[in-house]
Structures are given as C-alpha cells and as structure tokens.
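Below, chains carry the letters A, B, ... as their sequence lines are ordered, and counting in each starts from 1. Hydrogens, waters and symmetry mates play no part in the numbers below; they use all other heavy atoms, side chains included.
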Amino acid sequence: MSTRTLERIEPREREVPADKELLSKLYRQMLGIRRMEEAAAKAYAQGKIGGFLHLGIGQEAVCVGAIAALRPEDYVVATYREHGHAYAKGTSARAILAELFGRKTGISKGLGGSMHLFDAPNHFLGGYGIVGGHVPIAAGVAFKCKYLEEKRVTLCFFGEGSSSIGGFFEGVALAALWKLPVVFVCENNLYAMGTPLYRSLSVEDVSMKALAFGMARDRFDGDDVLRVHGRITEAVERARDEGEPTMIEVRTYRFRGHSMSDPGQYRTKEEVEEWKKRDPVSTARRRLVEEAKADEEMLKALEAEVKEEIEDAVKFAEESPPADEYLPYTYKE
Amino acid sequence: MSTRTLERIEPREREVPADKELLSKLYRQMLGIRRMEEAAAKAYAQGKIGGFLHLGIGQEAVCVGAIAALRPEDYVVATYREHGHAYAKGTSARAILAELFGRKTGISKGLGGSMHLFDAPNHFLGGYGIVGGHVPIAAGVAFKCKYLEEKRVTLCFFGEGSSSIGGFFEGVALAALWKLPVVFVCENNLYAMGTPLYRSLSVEDVSMKALAFGMARDRFDGDDVLRVHGRITEAVERARDEGEPTMIEVRTYRFRGHSMSDPGQYRTKEEVEEWKKRDPVSTARRRLVEEAKADEEMLKALEAEVKEEIEDAVKFAEESPPADEYLPYTYKE
Amino acid sequence: MAVISYREALNQAMTEEMERDPNVFLMGEEVGHYQGAYKVSQGMLARFGERRVVDTPIAECGFAGVGVGAAMVGLRPIIEFMTWNFSLVAIDQIINNAAKIRQMSGGQFTIPIVFRGPGGCAVQVAAQHSQALEAFYAHVPGLKVIMPSVPSDAKGLLKAAIRDDNPVVFIESETLYSVTGEVPPGEYTISIGKGDVKRPGKDATIVSWSKALHTVVEAAKLLDKEGIDVEIVDPRTLRPLDDEIIFDSVRKTHRCVVVGEGWPVAHFGKEIAYRVQKMCLDDLDAPVEVVTSEDVPMPYARNLELEVLPAAKDVVDAVKAALYVE
Amino acid sequence: MAVISYREALNQAMTEEMERDPNVFLMGEEVGHYQGAYKVSQGMLARFGERRVVDTPIAECGFAGVGVGAAMVGLRPIIEFMTWNFSLVAIDQIINNAAKIRQMSGGQFTIPIVFRGPGGCAVQVAAQHSQALEAFYAHVPGLKVIMPSVPSDAKGLLKAAIRDDNPVVFIESETLYSVTGEVPPGEYTISIGKGDVKRPGKDATIVSWSKALHTVVEAAKLLDKEGIDVEIVDPRTLRPLDDEIIFDSVRKTHRCVVVGEGWPVAHFGKEIAYRVQKMCLDDLDAPVEVVTSEDVPMPYARNLELEVLPAAKDVVDAVKAALYVE
Ligand SMILES: Cc1ncc(C[n+]2csc(CCOP(=O)(O)OP(=O)(O)O)c2C)c(N)n1
Ligand SMILES: Cc1ncc(C[n+]2csc(CCOP(=O)(O)OP(=O)(O)O)c2C)c(N)n1
Ligand SMILES: [Mg+2]
Ligand SMILES: [Mg+2]
C-alpha cells in the first residue's frame, strides 16, 4: 500500500546541471553528516549516547541543499531530527557529537542532547521536541527580521506528520497574513514514526496546505541535492526580496528507524531497498563522476578528510568532561 | 476598506423559489429568535442578565436555514453566539431566557449562562466559549455516529475569526481524514470582535481551507434563509449518505456589537445600514408577501403569536427561582 | 503622587518602556485598533503605529510562539492574552519553549518576554472564562510570575518585567482595572520577588495577592471592629516568592492565613502554607489556613458565583479559627 | 496470583473492558498498527480492529476533543497520549471541555473518558520530554487523577477509570512499564480514591506514588538497616485523595515525608503537606518534608538528570531530618 507513495513527483527533466564546485561542496557536507550519524549510531549501541536519537540518514540532501541556499546571517529552525541541519549551518561534528555524548563541550553544554542542538553564532535556533511547536517560533524569528528591516531569511523544517497539528497551522497562518520572510520546508519522508502519510493526511501533498493561506508553494523530490538547492533558492530569494513566505514539500526517505529504538517493521524490505537506490549521497557522487567529471583522486581525498574529521570528533566527544552544571541556565540573572 | 467585503458572493440567479409553507415556518423561527434576543438585550440593560451576551441579530437566516436542513436526531455544536441555534434546534424561549437570567429553570440550570446553552433531548450540544475548542468536539460527535453506524449528521457552527486557531484545523483535519458525517458552517460576519476579516485572514474565503484537506466546500450569502436551507441541505445529505464532510462559508452580518459591552465603533454607520437593507427577517417577510403571496392576516397572526411567546418567556424567566445548586454537577456519582 | 487606575498604570508602564527601548513591542488580540479588549492599550497604536502595536488573529499558540521566536533573536515582546483563560491553548509555547530554551541551549539564548492579561474571574462569565491559573505557571521553572494588587505595584512591576531577561507571566485582573491608587511620579521599577506589607498588624498574618487582597482588606476592617488586628502581606510575585517577608510576619503573629482565588487542590496557597509550616512550625500557634474558591467549575448565576468565590466573611472565619475565637 | 508487567496489566485492563463494553474504544498515536509507542496496546488492533483501535495523526488537541465529543454522546473513549508531555497542546480540551461540560450543562451531559499515557521522565529525553504534570491536573475540579505504582493497582484502577462516568487523567510511567508484580486472577477493580499502605512501619510516614514510590521502597531498605522503620502510604489516586489513610499513618508515626517526582514549587506534595499540618498539627513532631525533583527544566546528560531527580539518598536524609537524627 505504501508503495504508491514511491511514485516520483516529477519527471527527470527538472534535473539541475551538475556544477562541479557546488556539488562537491554539498557532497562533502552530506558525507560528513552521513558519517557523523553513523558514528552516533555506533556510540548509541555502545551506550555512550542516551535518550532518543533520531537519524536523518537518507535525507541529507534536504538539509544540505536547502541550507546551502542561505546566507550565513540567515536563520534555521528545525525539529528533533536536526543533526544534519546544525552541521550544514556550521556547527562542528565535534560540538554535535559531544552534545550527544552529554559533555560540557557539547554545543548545548550537554543540557539539550540530540533533540535540542542550538548554535547561536551560526544562527541555528534549535532543535525542538514538541511536534509543530517550533513553527510559530520560526515565524517569530522572521517577524523580527521584518521588524528590524533586515534582509534575513528563516528556514523552518518540519516533517509531514507535523502538518496536522495546531501549532503548525497557526505559525503558517501568521506568516502568510503578515508576509514574513520564512520558508517552510516539509521533509516528507512518508512516515511519522510508524504511521505512513496516507494514514495521517487526507491530502498527501503537504504543499497544498499553502492554498488555505494564499501562500506560494513548491514540491519536488529530495534525492538530488542540486535540485533541492535550486528550488529552495527560488523560495529563499522570494522571501528575502518580496517578503513572501513559501510552503515546500520535499519527498525524501529515512533509511533507519524513527529513532534508535524503532525496528521499523512497518516498512517492507523492498520499499527500503527501492529508496536506497536513490541514496542522495551516492547520487551526488555518481553525478560528480559522470556529469561533472570529478576525478577519483579528489573524491578519495575528500572522503578521507571526512573520515578523519568524524574520527577526531568522536575522540573529542569521548575525551571531553561530562556536563557539570545546569542551575545557572534556568534563569538569566 | 471593509466595504470591499460587502460585495455579493454570487449572482441573484441562485435564488431559491419561495415555498410558502417552508418559508413561513422559517420566518416564524427567525422572528422568534429576533424578538427573544431583543428581549434579552432589554433585560441586560436592566441588569437582569449578567456576564457576556453575544447577540446574533442580523444572522438569524444562517442558524435557522441550516438547522432546518437537519432531522430531529441530528446534532448541533455551536459557539457562545448560539441563542438562535438552540432555539432553532428546539429549545424553548422560556428555557433560554431563564438560563440568561440565571434561573434554576434555565436550560443549563443557570450554571452555563448565555455562552453555554445545552439541550440534551434536542441534541443541542452547546454553547462553547473557547474559540475553536468546540470543533474537535463536533468531529467527535460525528465519530460516534460513524462508530455506531447511525445515519445522523452533526452541524458545527463557527465564526470566521475562529478559522485561524489550531483546534479548528485539527478538528477539520480529522473529520476529513476519517470521513466523518459533519458539516462545518462558518458564519462569516466579517468581524471577530473589532477585527475585520482582512486583518485576520490572508485568504478571506474561509471555504478555501477545505482545499488543504480535500474536503467538499461551498460558499454563499446568508441573507436568504431559503438559500441557506437549500445549500446546507446538499451538504447535510452528502454527510448522511456518503459520510463526506463539507466546509461551508456563509456571509452574514451582526447588526449589534460583538457583545453588549461593545459599542462597535470599528464599523461605519453606512456599512451597518447597508447590511440592514438585507435583514434576513424582513427579506423573508417580503418574499412571503411578494413571491409566496402569503396574506397579511396570516402574517399578523404569526407575529402576534411570536410576541406572546416571548413576553411569556420573559415573564417565566423573571418569575423562576434563582439557580440554587452546583456541587452535584461537578462529578457524576 | 498622582492617583491613577490600575489600567492606566499598565498603559504607562508599557508606553514608557516602548519609548525607552525600540525593541519592545506589544502583540495580541484587539490591542491596536480596538484599543485593547479592556482598553489597557488605549492610545498605543496611535503613538507607536502598527509595527509595534500588533493586532493578531485568534491564534494564541501562534502569536505566543511568535513572541518566543522574536525574543530569541533580540526583541522584547509583550504578548497580551485577552484573558489568561485563553492561555491554555498556548501553554505549550510558554512551558515547553519560553521557559526551557535557555536551559536547553546551555544558556545561549535568553527569552526576554512578558505574557500578560487579566486572570481570575470577572462577573458571571462562567466556567471557561473564570479561571485563576497562577498555580500552573508558578509550578514551572524558567518562568517568573507576577500578580500585582494595586496600580503602583502594577506599574513598577510591569516595567521590571519588561526589562527582565526571563519569560514573565504577568497576571492582572478585569475587576482591578478600574481600581485607582497613588503612583509615584516619574520613572520607577519594583524589583521582582519583593513582597510588601499592605497593612501592619499583630494578631495574625494574612498572605494574599491580586484581586483577593482587596477582599482581605475588607475582612481586615471587619476584624478590626472586633479588635483583631491583622497584618496583610502581599508577595506581589509568586515566583520567585519572598519567603522572608512572610516568615518574619508569621514569627511575629504566630498565625497564618493565605487567601487566594482559584481551585483549592494544589492551589499556590498550599505552597506558601508548606513553607510556613516547614520554617516556622514552632512559631505557629495554629495550623496555616488557606482560603480559596470552591472546588468547582465556576457557575454562571451571580448568587452561585458569589458562593464559590472567597468572601470577606470566609477570611474573617479563617482568621478567627486560627485565633480559636468564634 | 499471576506475575505480569505493568504494561501487560494495562493491556489486560483495556482488553477486558473493551470485551465487556462495545462503546469503549482506544484512540491515539501509534496505538494500532505500531502496537503502541511503548507496546501497551500490543495485539489490540488484531483483536478489535481499526474501528475500535484508532491510530491518529499528530493532533492531540484534535483527538482529545474528538474523545470528549464522542463521550458526550455515549461512547467511552480511552485517549492515549504518547506521553503526558504532549498533553500540553491538548490541555484546553481536558480542562475547558472534559472537566467542565457536566457543570456547564447543568448535569445534562457526562464525559466518561480516560486520558492515559506515561508521565514523568524516562531516561535522558531532556527538558521537553521529562515533565511530571500531575499537579496541573490534580488542580482541576471535574477531573480524577490516578497514578498507579504497581501492576495490580494499574489494572484495577484502569478498569475502574474506564467504568467511571467522569473524565479521568491516568498517568503511567515509561520506566514502570517493565516492572512486574502479582495481579489477582480474573475480574477486579480498585475503587478510585482509596490509598494503600505499601509497607507498614512505625517511625515515620512516607507518602509517595507512581515511579517515585519505588525510590522510596529503596530508601526504606536503607533506613531499615539503620533501624528506622518507615510506613509507606501510596494514595494511588491524587484526586480524590484518600486523606484518612494518610492522617491515620501520621497520627501513628508523628512524622511525614512526601516524595514525588516533579518541580517543587506548587508540587502536589505541598497539597498533602498542607492537609497533614492542618489536620494533624498537634500530632506532628517535625515539619512535613516534601522531596521532589530540582527546580529546573530537565537536563539531558545522565549525571545531571540523576542529580535533578529525587533519589533514595534524598529520601533517607529527609526522613532522618524529620527524626532529628543525622
Ligand atoms: C505534540 C507531539 N506529539 C507527539 C510527539 C511524538 N513524536 C515525536 S516524532 C513523531 C513523528 C513525527 O513525524 P514527522 O513529523 O513526519 O517527522 P519525522 O520523524 O518523520 O522526521 C511523534 C509522533 C511529539 N514529539 N510531539
Ligand atoms: C481561544 C480564545 N481566544 C480569544 C477569545 C476571545 N474572543 C471571544 S469571541 C472572539 C471573536 C470571535 O470572532 P468570530 O470567530 O468571527 O465569531 P463571531 O464573534 O464573529 O461570531 C474572541 C477573540 C476566546 N473566546 N477564545
Ligand atoms: Mg515523517
Ligand atoms: Mg465573526
């Protein structure tokens, strides 16, 4: 039944030509995220990371392609499945893994954990665990940009399962009414925990919600990081130049369970395999070689560099001191 | 600026032929509601009614036309502006006014007041004061009808100002997903307290919200009770026969302030006068005389009967004993 | 000293702070063109314009969250709830975001925001519109909770709340808006967490705040006639609570009655009672009594509403019980 | 007697009641095809079908309200919150509708509904997922609040809750789901509002419930080694609260310590402390102590989380303080 959600949204024609420089940069980021999360999964299995751990493995092209469309001063607000988003916005693998390990050197000092990564210097605004609750916050960040007449854009990520809850609708309604410079990006990975989208949405096209608010909308497959980058760029510039918000649905897929504790039995092996053929990371590499004519040497070097970066990050996290204080953070004196 | 909201939604052709029997019955109800609320306003001015009093004067055609499309066993869930809805569903003017007067003989025993009329035998399920909070309740009532395979329909009334809040969206989303036999009727009176719809909605056509959920929709002017009756009947039967919910926007106007304490200075005298020309009560009378050829005698008799009914109801309320207990109603033993 | 209403005091506080800091803005339902559902923001739209006095649709969760987001990145929002009853649809934003973001981010983000509006019951607005929710907000670490009883406190504390870098829940009262009182001239703030003795006395301590304090003042007059001289302590802020001013009074009078509107079970008054019995057990000559509303959803009929609310007579009886006189 | 887990006990209670009454149904996120986020509803979809085991989208306010509406017209919904943390987006439905409709309608409508799911903190799920919200719900007239600590209570009380004609807030615990215990054979219910002495003792009374009670049992063993014999009273139901079983114990031991997870200020334990000092002041040889979590949003790191939660050592210290021994 869920296979019907496998249809492509659009024809291949919409492929974006492979720009070698841009694509290798984005490939580098996606690979960094992939390896970082693989390391996290391993550490979790070893009991070095606790609580909930939601991996984005398989979805990397969405956060990487979308955030590459931003300027450094732009903002990102995300869900609990946000390791890749933080990394793409500039947070180091060291600071992310140290946070997952509950260390003082973590990006949130070990107080937030996997679901609550925050990085002020990089304008990464979290990391939220209540479904839909972060959407009004993103509208509020965009409200501030309009209030101060800054030409800064806010990207708000959410899952398709989060598009039925009140907070989501209210945040979107206010952004549309007040014309706030925000882009709502739905990472439609077809499942909300064990719930396939056809059991949670009467209209499976999440971007259709834009019609209720007269908001611009777009919708496309998320396996090609260049397509994501190109299409999100259009929306980001619309937000920046015209102060028009956009609702975007990107179809993607998580290769792992909802969280580490989810065996994912609600999906057939075939379905998962089908999607793995469209792995955004290998897709990017293939396009680099076949279309951008990138040479193997360069790619090997890049991959070695990533391997090293993540190994160092794990070592850093393991050797860092544990989180050691929380009282000073409840209130600002 | 708000005058742009005065445009008619549709051409006159859509007029429904005037059926004398039906129209006089509906005229009788509308007049009863009009007189009942005028009596309530008077009593409020005399300090005999307290708290908030929200009158529907000017909007009578919506509740009367819509509820006339129901069977006795069907359900109605409404807002705090619900005197007319209760009356149209069968609650006596005596029981309504006694409630407003805070008497033991009130429909809610004086515990609910104007905003919380409930009438179990007539399947009138309230009377709610939290904007949007009653929408999921209406979906739940429809859920029960589907669960028990009853062919009963639930009508849920709400104001256009209530179409931005989370509870509204969640109730509508579930009704659409589960195909519940409910009809959502937006009484779009162009204002939410002092807020004109263009300041609260990015899309002024509330029925457009149906598109986000793949729900049937309709939209029309609410000054002709026969049109309201005809168009709501289509939706009610769709709900009853196909279990398909519908989202309907009816354009209407309240002649009085939001509540008794609201002077309504946010509307021009001209605007109010313009709408009064389309008073649904006098429109119905005019059509009865001009189109249905009803004779004056009959109408005069009907009007005298209404006058008497309301005078008796006021007397009943005034002479009833005050509400005298509440402890037994907090918990069922 | 000028005599102004509680309403004007709040209006002055917001106006002065918005003049002082361009990043302060007011947002809520009917705060602008309508001049405020209870006219608290009268004239502010004309003075500051639509950019800083923002009318919203009915979407409390949405605009409360917009306030939190704006506060994260440097603005200082004042979010008005038409009444605190409606905060129940926005409480997730207040508790899970406003109160926790600083902690979750390891101190990287602060949330300088004020959520304000009238709490408790007005007159005959029935169960859904007559709730005193301070016990909820006072329960939550990360929030500050302020409940002024008189115009001077309302002004000084609202200004302090707007300048505070933490989320503040500021609960007013519909029935206090027209109450007048003397207000010091010019600029002043009152530090959050400082109580105030509203009436000195020696026979018993009554702790009360907001609207209920006025009921207590009435009761004090009645008790005075019977030769009972009570001390009235107004904490003004429930979180943080000024323990010392309460303990000092109880150690002097050896009797303590707490009076507050709201449902009795897990009422904030029980927190005060706990602290008093814990720190002053040996000083207490009688159990701490807590006088509250009755344990029911508020009925509509006026006669029943009056039965449910704490009345001067209930306070008099409680004080006498604490003094073992009848 | 059979030994089963707390999880199975809940599953049996729901299954038996659904077999017994066709109007009882279960609704919530992942309750059906996924067999429950915490597998509490394992096998129920296969047994009862999609009509009676209803998977929902993520819309707590929506499906909580659907439950209230269905209950108004004769069904008996069991609404599962994946965790009570998520009830904050639905709390308006619980407080303003479920708890008030009977009163507002003058008794015309009753709301036989159970809202259930795990409360409190699990392990390292951080601030937004680690909240003990019982003080909120226990504050509200119209609701009943049940917090069982062992499988037998979980089963008997959940069955009673489903049969009760009032809205019931039934708070479980992720960390208790796997705890096993003896359960009486066959049909049985436990009446709501009756406490239970989980351990008889003479030196001090400890009142505790749900997960925290297990910490107290640990502490009791440690105290035993030091010759201190505590009585453990489990109210099981917070609203209505079994005052007498608590007072009887305190009148016997003259010492009272209340232990509960959650934020200290306006904690439900303070309500218990108030009632004890009020009714047993002369019997108390020491102030009532209340042991709770620390007053902060829950940090993620395990070492800090353990510091924040009430531990056996904290209980031991509190009991010793009440006994004036160190
Ligand atoms: C209000 C609320 N309800 C329930 C949950 C539990 N929960 C966490 S993630 C999740 C599924 C979300 O699915 P989706 O939005 O599609 O995002 P994805 O996990 O697929 O990235 C649920 C039900 C929650 N965190 N918040
Ligand atoms: C959640 C919530 N927020 C605010 C209010 C205060 N309020 C009561 S009625 C109303 C306006 C509603 O307008 P609309 O939905 O258009 O209905 P109308 O009054 O026009 O019939 C407002 C803001 C409320 N009752 N509930
Ligand atoms: Mg998903
Ligand atoms: Mg309206």
Side-chain angles (χ1 to χ4, degrees), chain A residues 75 77 99 104 106-113 115-121 123 125-130 132-150 152 154 165-175 177-178 180 323 326-333, chain C residues 22-23 25 27 50-52 54-77 79 89-90 92-113 140-144 164-168 192-193 239-240:
Chain A
Y75 296 103
V77 179
E99 184 63 30
K104 186 183 182 56
I107 191 67
S108 300
K109 296 199 172 63
L111 300 185
M115 298 192 286
H116 307 302
L117 303 176
F118 287 83
D119 185 344
H123 308 300
L125 306 181
Y128 296 88
I130 305 299
H134 65 299
V135 177
I137 286 182
V141 174
F143 176 90
K144 166 263 188 176
C145 297
K146 184 174 185 179
Y147 185 93
L148 296 181
E149 290 166 358
E150 299 172 325
R152 298 164 81 171
T154 299
I165 198 160
F168 163 79
F169 285 103
E170 294 191 23
V172 169
L174 295 176
L177 179 67
W178 293 335
L180 303 177
Y326 50 87
L327 285 171
Y329 304 117
T330 303
Y331 290 99
K332 174 114 181 284
E333 285 324 314
Chain C
N23 287 340
F25 68 93
M27 173 178 279
E50 287 190 328
R51 175 171 162 273
R52 298 183 65 192
V54 186
D55 281 318
T56 68
I58 305 164
E60 282 81 0
C61 167
F63 64 78
V66 162
V68 173
M72 277 182 91
V73 289
L75 298 187
R76 306 184 75 87
I79 302 297
V89 294
D92 176 67
Q93 288 295 336
I94 301 171
I95 294 179
N96 272 321
N97 291 334
K100 295 186 172 72
I101 284 173
R102 187 161 195 278
Q103 166 86 313
M104 295 193 298
S105 67
Q108 290 181 82
F109 293 93
T110 58
I111 312 295
I113 188 170
V140 183
L143 300 179
K144 295 186 178 183
D164 196 279
D165 282 334
N166 300 286
V168 177
I192 297 170
R239 176 184 268 270

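Heavy-atom pairs under 4.5 Å with chain A peak, among C/Met104, C/Lys144, C/Lys100, at C/Met104. For the set C/Cys61, C/Pro22, C/Gly107, the count of heavy-atom pairs under 4.5 angstrom toward chain A peaks at C/Cys61. Listed options C/Pro57, C/Gly65, C/Pro77 were ranked by heavy-atom pairs under 4.5 angstrom with chain A; first place goes to C/Gly65. Your options are A/Val77, A/Thr154, A/Leu125, and the one with the most heavy-atom pairs under 4.5 Å with chain C is A/Leu125. When C/Ile111, C/Val68, C/Ile101, C/Val89 are compared by the number of non-hydrogen pairs under 4.5 Å with chain A, C/Ile101 comes out ahead.
Contact check on C/Asp165 versus C/Arg102 returns no salt bridge, with no Lys/Arg side-chain nitrogen under 4.0 Å from an Asp/Glu carboxylate oxygen.
Ring to ring, A/Phe118 and A/Tyr128 are close: their centroids are under 6.0 angstrom apart.
Among all heavy-atom pairs drawn from C/Asn166 and A/Thr330, the shortest one is OD1-O, 4.4 Å. Minimum interatomic distance between C/Pro141 and C/Ala99 (heavy atoms only, all atoms of both residues): O-CB, 3.6 Å. Nearest heavy-atom pair across C/Met27 and C/Thr56 is CG-CG2, 3.3 Å. Across all non-hydrogen atoms, the minimal contact from C/Leu75 to C/Pro112 is O-CG, 3.6 Å. In terms of heavy atoms, A/Lys146 sits closest to A/Leu180 at CD-CD2, 4.0 Å.
Classification of the C/Phe25-A/Phe143 ring pair by plane angle, with boundaries at 30° and 60°, yields tilted.
At a heavy-atom separation below 4.5 angstrom, chain C is approached by A/Gly133, A/Pro136, A/Ile137, A/Ala139, A/Gly140 within residues 132-140 of chain A. Along residues 165-174 of chain A, the residues that come nearer than 4.5 angstrom to chain C, judged on non-hydrogen atoms, are A/Gly167, A/Glu170, A/Leu174 in order of number.
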*Taking it one step at a time, do A/Lys109 and A/Glu99 satisfy salt bridge (charged side-chain N to carboxylate O under 4.0 Å, His left out)?*
CA-CA 6 Å; A/Lys109 296 199 172 63; A/Glu99 184 63 30; over 6 Å; no
*Would C/Val66 and A/Val141 satisfy side chain to side chain contact (heavy atoms under 4.5 Å, CB included), going step by step from the backbone distance to the final call?*
CA-CA 7 Å; C/Val66 162; A/Val141 174; over 6 Å; no
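With A/Tyr147 as the aromatic partner, C/Arg51 meets the cation-pi criteria of under 6.0 angstrom to the ring centre and within 45 degrees of the ring axis.
For A/Leu117, no part sits under 4.5 Å from any heavy atom of chain C, backbone or side chain. Only the side chain of C/Val54 comes within contact range of chain A, judged by heavy atoms closer than 4.5 Å. Only the side chain of C/Thr110 has a heavy atom closer than 4.5 Å to any heavy atom of chain A. Heavy atoms closer than 4.5 Å to chain A are found nowhere in C/Asp164, neither backbone nor side chain.
Atom CD1 of residue A/Ile130 and atom CG of residue C/Asn97 lie 8.0 Å apart, to the nearest 0.5 angstrom. With values rounded to the nearest 0.5 angstrom, A/His116 atom NE2 is found 9.0 Å from A/Ser108 atom OG.
Side-chain atoms of A/Tyr75 and A/Lys144 include a donor-acceptor pair closer than 3.5 Å.
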